[in-house]
Structure formats: C-alpha cells, structure tokens
Trainee: 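One structure, as structure tokens, below. Some questions next.
In this text, all values refer to a predicted model and were calculated from it rather than measured experimentally.
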Amino acid sequence: MESNHSLFSLNIDPVTKMHLTETARWARFLAIIGFVSLILMVVIIIGALVFVGAQGTPAPMFPGMGVAMAIYYVVIAAIWFIPLLYLWRFAAAMNTALNGNDQQALNTSFLNLKSCFKFVGIVTVILLVLALLGVVAAAIGMMAMGG
C-alpha cells in the first residue's frame, strides 16, 4: 500500500494522486493544443500578409489594415502564450512531484497553476472593463446622434 504524504494535515492519498496525475495529463494536452494553435495562427497571419503583399492591397481605402490586423493577432497569440506556458509548467512539475514524491516540485506545480488562473483572471477583468467601456461609448454615441 502506498503511504500518504501529509501537507498541513492534508493528505495526498492514492485517489488524490490519481486525480492529480489525470489533471496533469489534461493540462499537458491542453497546453500542447494551445501551443500548436498559436503557431498555426502566426503562420496563417504571416502567410496572409505575404499573399496580400503579392496580390496588392485588397481594400485600398484602408491601407495598412492587413499589417494592423496581423499585429493584433500576434499580440493576442503572445498574450495567450503566457497562460499556456504556466499550464505546461504545472503539468511537468506535477508529474515530477508525483513520480518522485518531491514536495518542492509539488509547490512549484501549484504555483504555476495559480499563476495561470491569475493571469487568465486579470485578462478576463480587462476584457470585461473594455466591453463595459464599449457599451458606454456606444450609448453616448447613440444619445449624441439623437437615437
């Protein structure tokens, strides 16, 4: 029988270890899918810029719009790279902790998971504030137009 590892009167028993192992596997899977998606997004952006550059500007009324959109998507990719990296590090450290009964790796694992959720939470708050500002701006615009 496997021994329990006590942590402030909490135990990592075999059932908890099984749940954490499965969680680490899913975290690694989601991180890999996320990294691949970000790479594909950047490759598609670069390909679209090269194609548009070779074909000429599709919308002459908006010069530079393709470059602006490419920069926008690259920034989005860079922002989402950060929580994916935290998720990857969580999975790797959790596997190390569970396979080697390593308390420091367990602490590092949970630190990365906390950082992942904190980053996503902050980005969510920022997006909610921007959405609220957009609604307020739209309402002011509608009132200014007499609508």
Side-chain angles (χ1 to χ4, degrees), residues 1-55 57-59 62-143:
M1 181 170 199
E2 211 171 307
S3 65
N4 292 342
H5 301 284
S6 181
L7 176 67
F8 302 111
S9 76
L10 297 176
N11 292 318
I12 298 178
D13 60 12
V15 173
T16 303
K17 185 175 180 178
M18 180 185 67
H19 291 313
L20 289 172
T21 300
E22 187 173 344
T23 300
R25 283 187 193 132
W26 279 108
R28 176 170 285 163
F29 170 74
L30 290 173
I32 290 170
I33 294 298
F35 288 138
V36 169
S37 298
L38 291 180
I39 290 168
L40 285 174
M41 186 167 73
V42 170
V43 166
I44 289 170
I45 291 165
I46 292 169
L49 281 176
V50 169
F51 178 76
V52 168
Q55 301 298 318
T57 305
F62 302 108
M65 184 62 124
V67 172
M69 288 186 69
I71 291 170
Y72 171 79
Y73 282 110
V74 168
V75 168
I76 294 298
I79 289 170
W80 284 111
F81 175 81
I82 296 167
L84 290 172
L85 182 60
Y86 284 133
L87 197 59
W88 176 265
R89 289 177 178 170
F90 159 75
M94 183 58 72
N95 284 331
T96 299
L98 296 175
N99 292 333
N101 293 325
D102 185 340
Q103 183 64 48
Q104 183 60 38
L106 184 67
N107 293 345
T108 299
S109 173
F110 282 121
L111 174 67
N112 279 288
L113 185 61
K114 176 200 70 132
S115 296
C116 177
F117 283 127
K118 184 176 178 180
F119 186 89
V120 171
I122 290 169
V123 169
T124 300
V125 168
I126 291 169
L127 291 176
L128 288 172
V129 167
L130 290 174
L132 180 63
L133 289 174
V135 168
V136 169
I140 291 172
M142 296 275 293
M143 285 191 286

Trainee: Among all residues two or more places apart in sequence or in another chain, which pass the side chain to side chain contact (heavy atoms under 4.5 Å, CB included) test with A93?
Mentor: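 A93: side chain to side chain contact (heavy atoms under 4.5 Å, CB included) contacts with T108, S109.
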Trainee: CH2 of W26 to CD1 of I33: how many Å apart, nearest 0.5 Å?
Mentor: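 That separation rounds to 10.0 Å.
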Trainee: Evaluate the side-chain contact (heavy atoms from CB on, under 4.5 Å) criterion for residues L106 and I12: first the C-alpha distance (whole Å), next the side-chain angles of each, then the deciding distance (0.1 Å), finally the verdict.
Mentor: CA-CA 11 Å; L106 184 67; I12 298 178; 3.4 Å; yes
Trainee: Roughly how far, to the nearest 0.5 Å, is the CG atom of N101 from the OG1 atom of T96?
Mentor: 12.0 Å
Trainee: Is any side-chain heavy atom of M41 less than 4.5 Å from a side-chain heavy atom of I44?
Mentor: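 Sidechains of I44 and M41: no contact.
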Trainee: For the atom pair CD (E22) and NE2 (H19), what is the distance rounded to the nearest 0.5 Å?
Mentor: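 Interatomic distance, E22 CD to H19 NE2, rounded to 0.5 Å: 8.0 Å.
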Trainee: For D13 and T16, does a side-chain donor sit closer than 3.5 Å to a side-chain acceptor?
Mentor: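 Side chains of D13 and T16: pair found under 3.5 Å.
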Trainee: Show your working on side-chain contact (heavy atoms from CB on, under 4.5 Å) between V42 and L38 and close with a plain yes or no.
Mentor: CA-CA 6 Å; V42 170; L38 291 180; 5.6 Å; no
Trainee: Can you tell me how far CZ of F81 sits from OH of Y86, rounded to the nearest 0.5 angstrom?
Mentor: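 Answer rounded to 0.5 Å: 11.0 Å.
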Trainee: Flag the pair R28 / N95 as yes when at least one side-chain heavy-atom distance between them is below 4.5 Å, and no otherwise.
Mentor: yes
Trainee: Mind listing the closest non-hydrogen atom pair of L87 and L30 along with its distance?
Mentor: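 Here L87 and L30 meet closest at CD2-CB, 4.0 Å.
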Trainee: How long is the span from the NZ atom in K118 to the CG atom in L111, to the nearest 0.5 Å?
Mentor: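 Output value for this atom pair is 9.5 Å.
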Trainee: Using 30° and 60° as the class boundaries, would you call the ring planes of W80 and F119 parallel, tilted or perpendicular?
Mentor: perpendicular
Trainee: Ignoring hydrogens, what is the shortest heavy-atom contact between F90 and A24? Give both atom names and the distance.
Mentor: CE2-CA, 4.3 Å
Trainee: In Å, rounded to the nearest 0.5 Å, how long is the span from CG of L84 to SG of C116?
Mentor: 7.5 Å
Trainee: With sequence neighbours left out, what residues match I126 under side chain to side chain contact (heavy atoms under 4.5 Å, CB included)?
Mentor: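 Partners of I126 by the side chain to side chain contact (heavy atoms under 4.5 Å, CB included) criterion, ordered by chain and then number, come out as I122, L130.
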Trainee: So K17 and L20, do their side chains get closer than 4.5 Å, heavy atoms only?
Mentor: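 Side chain of L20 against side chain of K17, heavy atoms only: no contact under 4.5 Å found.
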